[in-house]
Amino acid sequence: MLDKSFDPAAIEQAWYQRWEAAGYFGHRDHAAPAYCIQLPPPNVTGTLHMGHAFQQTLMDALVRYHRMRGCNTNWVVGTDHAGIATQIVVERQIEEEGKSRHDLGREAFVERVWRWKQRSGATITRQMRRLGASANWAYADAEGQKAGYFTMDARMSRAVAEVFVRLYEEGLVYRGKRLVNWDPALGTAVSDLEVDTEEEDGRLWEIRYPFGQGEGGVVVATTRPETLLGDVAVAVHPGDPRYQGLIGKAVQLPLTGRRVPVIADEYVDPAFGTGAVKITPGHDFNDYQVGKRHGLDPISILTLDAHLNDAVPAQYRGLERFEARKRVVEDLKALGLLIAEKPYRLRVPRSGRTGVIVEPMLTDQWFVKMEGLARDGLEVVARGEVRFFPEHWTATYNQWLENIQDWCISRQLWWGHQIPAWYDDAGNVYVARSEDEARRKAAGAALRRDPDVLDTWFSSALVPFSSLGWPEKTKDLETFLPSDVLVTGFDIIFFWVARMVMMTRHFTGRVPFRHVYINAIVRDAEGEKMSKSKGNTLDPLDLIDGISFEALLGKSTVGLMKPEHRQKIEAYVRSHFPAGIPAFGADALRFTFASLASFSRTLNFDLGRCEGYRNFCNKLWNAARFVLMNTEGKDCGLDERQPVALSFADRWIVSRLQRVEAEVEQAFAEYRFDNAAGAVYRFVWDEYCDWYVELAKLQLADADEASGRGTRRTLVRTLETALRLLHPIAPFITEELWQKVAPLAGKRGETIMLQPYPKSQPEKIDAAAERDMAALMEWTAAARTLRAEAKLPPAEKVALLRTADPAVSDLPYASRALCALARLSAFERRNPLPESTAPVAVLGEARIMLHKEVDPAAERQRIAREVARLEAQLARAETKLANPSFVERAPPKVVEQERARVGDFQAALAKLRDQLGRLQARS
RNA sequence: GGGUGCUUAGCUCAGCGGUAGAGCACUUCCUUCACACGGAAGGGGCCACAGGUUCGAUCCCUGUAGCACCCACCA
């Protein structure tokens, strides 16, 4: 016997362990069609958040669905070393010990990061398991931890080196001194994508560059006065009349004693500022281009940690860049060269990682040449070999690839794949798969390895094939590439999706995946971005296990970057979770995610809905409880030779089941998880529980042997099928219940996971049964409404009189059902209805009357309201039909339908007015 | 500057060229032998605004406003 209510904690852990131990998650190397999903490998920087849980729910639902459909499923999972992010996390830890990574040295530091990685990786995989992820943990598991691959494990590293070497040999990877985005806090280059440009309040300074001693000059506008120390020119627009005479002349560069030329370049916008621009090719991307066009060499004035270097006059050397700005402005002011200082909104490039202002810096870096790769990446999408869901994300993808720059892949960090390039003393470079190979190439010269590491996304880009064993020609590559769908966030379309397409195409000739499902971004219930500093983050495990208010508050306010947020966070937690969070269980959480997964771009996570779906789980649990109570140990019609009688209700629920099966199939095919979840929800609750179970109670109470057998068989089989239907979304509860229900339906199996997924059988759709049930439901609802409006106590049974019969094929059965469902003492035919003040309603051809005298005034009011409602509807319909162009041009079906409605309204109105007349006569 | 998405019930969201929907919240009644994490009956919407197309627009088109996001080298 099942417990009275569903307790997720009692079943989840046990089932997961059994599934995993039994090896159900693994792929089977057989003839079945392959179904493969690549997990976006989570960073080993911490724990999973709601976005991960959401994404993984969808992936798991897809994988479980296809596994049950007989596919050879392989959900390839792993974790990402996340270069910069992870290095930062560990550096912070070391800082708390009062040390820096330089105190440890590179080797010891990397050792330390590995230790952290083990811990964080374990947390992540534990969370995924709690969520029920049926991931192929043992696959590509180089480290024997049943956690999939790690992007820095030996196998993945080998693929990285191989790719790097091949790209170098093809001329697609090159090294060069270029202006790159430099994060001075981290001391590394970052890619364009890792720079966030935000509008901020700043100033615009206007500075005079004199022609010579005291005779006027050119006024330039700048937001960064300190960079004038690195200026090589002043540029004006070639057509600007103000400056025609100056082009080719020289001006005095303040504070330096240098003279720089005035040059003409189209880049200058004469309408902006003063129309004259200082040119600093060493620290500005535009100026770099201008300098190149005019043969002016850049001057670097900054050290790698953003202090002024020896290229500037002595009094500024060693100053930090913002300190330098102050000093430069003061000195200019003192010299009378500062013409104006205005407040100004400017776009400030900040490092996505550290938030410090990024400095364009001239450094030696490695790049990937993108042009050809990008063109191919665009083509495969244009040809439909890779499709985005929702489709509009294609535009975003295209836009980026159409304007792509070469990719700076070197990072001046310690944590990551060290670049497989070696230098000899003469400065020659040897790119090789290993030091041995490099040595052979270098023919005995002393070698020094490039200290830099690769951008994390370099190895991520290879995952679709490196995880399947590339560069070996493996069977798995053959089977699982391309994977079927990539489920990921829009924020990494550029970082990851596009780069996977390009790399996978280049090295395998295949696309990495056929579909890209871009999932919504998870926000809080008010649509605010979840962030630790607001206190509105949710830990998926807290929703599964529940958490007390005190514990939640403690968690939310621990380890804050800015302690001043504490009060705000506390207020948020206090108002949103005054009683903490109840334990909803993994199934309810998953069901919530699925229900909210429409094609909208954000997902506002609503605790109320999670609660609603927890209730749904409980409803399902109790439906199963009812079924078991009524079928265990009884004849459920397993013996096909025994006679079975099926009522229209039995045939109806079976018919509806076929429809919901078809709906769910379509929903999964379209990645409309909300529709899949909604279809099952409505079927289980609104149809099976609300109607079928209630009717089954009657059928069991007064059934003969054959119909009892039929009812029990239908109860059990329908439930068993619904469990399989729901399993991909709610794996735990369905497994638990299926184990008990399935044997009664004659099914055997160790697990529901590997049972066939229900398939709609259109021949079981029974139009007659559906029509009968629709009539019964309509009559029941009408009778109940009359009762409620007459304020009858539930215990009081009255008779319902009718002028005509409900249009059902089995009237005696329907009458009995109606009496039970609407608590009627009798259901009698009486035409005409007796003169009475009793409440009357119109149902198609029939009038029905509760056999109960009520206050005539109240009843008149009720009917008058109904008359008014019908009159309004009638008027609308008649207006339509009075319009000749409607009748002529609308489809005949629509016109016909409208005419029928008018007829119905008129008939109903006539009957109601008739009744109204009687009531008036009696008062 | 270019691009994308959104605006529907108090809240969070579906939907659709022809009678406006769900969950939660709300009102009334009910502890009936699966379930109060429940049952029954209700209330609640100028579908952002303005034009256009159409017999008919919440839906298609154009524009406006507001919100959000992405990309981009104006000092």
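Residue numbers begin at 1 in each chain, while the letters A, B, ... track the order of the sequences.
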Using the side-chain heavy atoms of [X], tell me which of these nucleotides is nearest: [options].
{"X": "A:Arg614", "options": "B:C74, B:C37, B:U12", "value": "B:C37"}
{"X": "A:Asn618", "options": "B:G18, B:C35, B:A41", "value": "B:C35"}
{"X": "A:Thr223", "options": "B:A75, B:A34, B:C55", "value": "B:A75"}
{"X": "A:Arg784", "options": "B:C55, B:A41, B:A68", "value": "B:A41"}
{"X": "A:Asp606", "options": "B:U12, B:C35, B:C37", "value": "B:U12"}
{"X": "A:Thr785", "options": "B:A75, B:G42, B:U4", "value": "B:G42"}
{"X": "A:Trp685", "options": "B:G38, B:C73, B:A34", "value": "B:G38"}
{"X": "A:Phe626", "options": "B:A14, B:C74, B:A34", "value": "B:A34"}
{"X": "A:Ala623", "options": "B:A34, B:U19, B:C37", "value": "B:A34"}
{"X": "A:Arg672", "options": "B:C73, B:U12, B:G15", "value": "B:G15"}

Fill in: Check: A:Gln399 side chain, B:A72 base, donor-acceptor under 3.5 Å
no

Worksheet item: For the side chain of A:Lys4 and the base of B:A34, is some donor closer than 3.5 Å to an acceptor across the two?
Response: no

For [N] and [M], measure between their [atom1] atoms and round to the nearest Å.
{"N": "B:U4", "M": "B:C60", "atom1": "P", "value": "16 Å"}
{"N": "B:C11", "M": "B:G56", "atom1": "C1'", "value": "33 Å"}
{"N": "B:U54", "M": "B:G18", "atom1": "C1'", "value": "12 Å"}
{"N": "B:C29", "M": "B:A50", "atom1": "P", "value": "42 Å"}
{"N": "B:A25", "M": "B:A34", "atom1": "C1'", "value": "26 Å"}
{"N": "B:G23", "M": "B:G15", "atom1": "C1'", "value": "15 Å"}
{"N": "B:U58", "M": "B:U8", "atom1": "C1'", "value": "7 Å"}
{"N": "B:A14", "M": "B:G45", "atom1": "C1'", "value": "15 Å"}

For [X], report the nucleic acid contact type (base, sugar-phosphate, nothing); a contact means any heavy atom under 4.0 Å.
{"X": "A:Asp690", "value": "sugar-phosphate"}
{"X": "A:Ser595", "value": "nothing"}
{"X": "A:Val693", "value": "base"}
{"X": "A:Trp205", "value": "nothing"}
{"X": "A:Val220", "value": "nothing"}
{"X": "A:Tyr344", "value": "sugar-phosphate"}
{"X": "A:Glu206", "value": "nothing"}
{"X": "A:Arg224", "value": "nothing"}
{"X": "A:Phe494", "value": "sugar-phosphate"}
{"X": "A:Arg601", "value": "base"}
{"X": "A:Asp269", "value": "base"}
{"X": "A:Phe285", "value": "nothing"}
{"X": "A:Arg876", "value": "sugar-phosphate"}
{"X": "A:Pro884", "value": "nothing"}

Interatomic distance where [atom1] belongs to [X] and [atom2] belongs to [N] [whole Å]:
{"X": "A:Asn622", "N": "B:G38", "atom1": "CG", "atom2": "P", "value": "10 Å"}
{"X": "A:Tyr671", "N": "B:A14", "atom1": "OH", "atom2": "P", "value": "20 Å"}
{"X": "A:Arg682", "N": "B:G15", "atom1": "CZ", "atom2": "P", "value": "12 Å"}
{"X": "A:Ile493", "N": "B:G5", "atom1": "CD1", "atom2": "C1'", "value": "13 Å"}
{"X": "A:Leu881", "N": "B:G18", "atom1": "CG", "atom2": "C1'", "value": "12 Å"}
{"X": "A:Trp691", "N": "B:G39", "atom1": "CH2", "atom2": "P", "value": "13 Å"}
{"X": "A:Asp3", "N": "B:C37", "atom1": "CG", "atom2": "P", "value": "16 Å"}

Strand partner of [N], provided both Watson-Crick or wobble distances fall under 3.5 Å:
{"N": "B:G51", "result": "B:C61"}
{"N": "B:G1", "result": "B:C71"}
{"N": "B:G44", "result": "none"}
{"N": "B:A20", "result": "none"}
{"N": "B:A14", "result": "none"}

Worksheet, complete the sentence: Whichever of A:Arg823 and A:Asn675 has the more 5' nearest nucleotide on RNA chain B, that residue is A:Asn675

Worksheet entry | First encountered from the 5' end of RNA chain B, between A:Thr780 and A:Arg345 | A:Thr780

In plain terms, say whether [X] and [Y] are close enough for a salt bridge, that is, a side-chain N and a carboxylate O under 4.0 Å apart.
{"X": "A:Glu359", "Y": "A:Arg224", "answer": "yes"}
{"X": "A:Arg293", "Y": "A:Glu266", "answer": "no"}
{"X": "A:Glu896", "Y": "A:Lys893", "answer": "no"}

Short side-chain N/O contact to [N] OP1/OP2 from [X], under 4.0 Å:
{"X": "A:Asn286", "N": "B:C74", "result": "no"}
{"X": "A:Ser885", "N": "B:U54", "result": "no"}
{"X": "A:Lys697", "N": "B:A34", "result": "yes"}
{"X": "A:Lys791", "N": "B:A41", "result": "no"}

Quick one: sort the [X] and [Y] rings into parallel, tilted or perpendicular, breaks at 30° and 60°.
{"X": "A:Phe6", "Y": "A:Trp621", "result": "tilted"}
{"X": "A:Tyr671", "Y": "A:Phe673", "result": "tilted"}
{"X": "A:Phe388", "Y": "A:Tyr397", "result": "tilted"}

Worksheet item: Strictly by modelled atom types, are A:Thr280 and A:Asp231 linked by a side-chain donor-acceptor pair under 3.5 Å?
Response: yes

Worksheet item: Strictly by modelled atom types, are A:Thr396 and A:Gln399 linked by a side-chain donor-acceptor pair under 3.5 Å?
Response: no

Worksheet item: Given A:Trp685, which of A:Phe683, A:Tyr681, A:Tyr688 fulfils the ring pair (Phe, Tyr, Trp, His ring centres under 6.0 Å) condition?
Response: A:Tyr681

Worksheet item: Partners of A:Trp779 by ring-ring contact (aromatic ring centres under 6.0 Å, His included), sequence neighbours excluded?
Response: A:Phe827

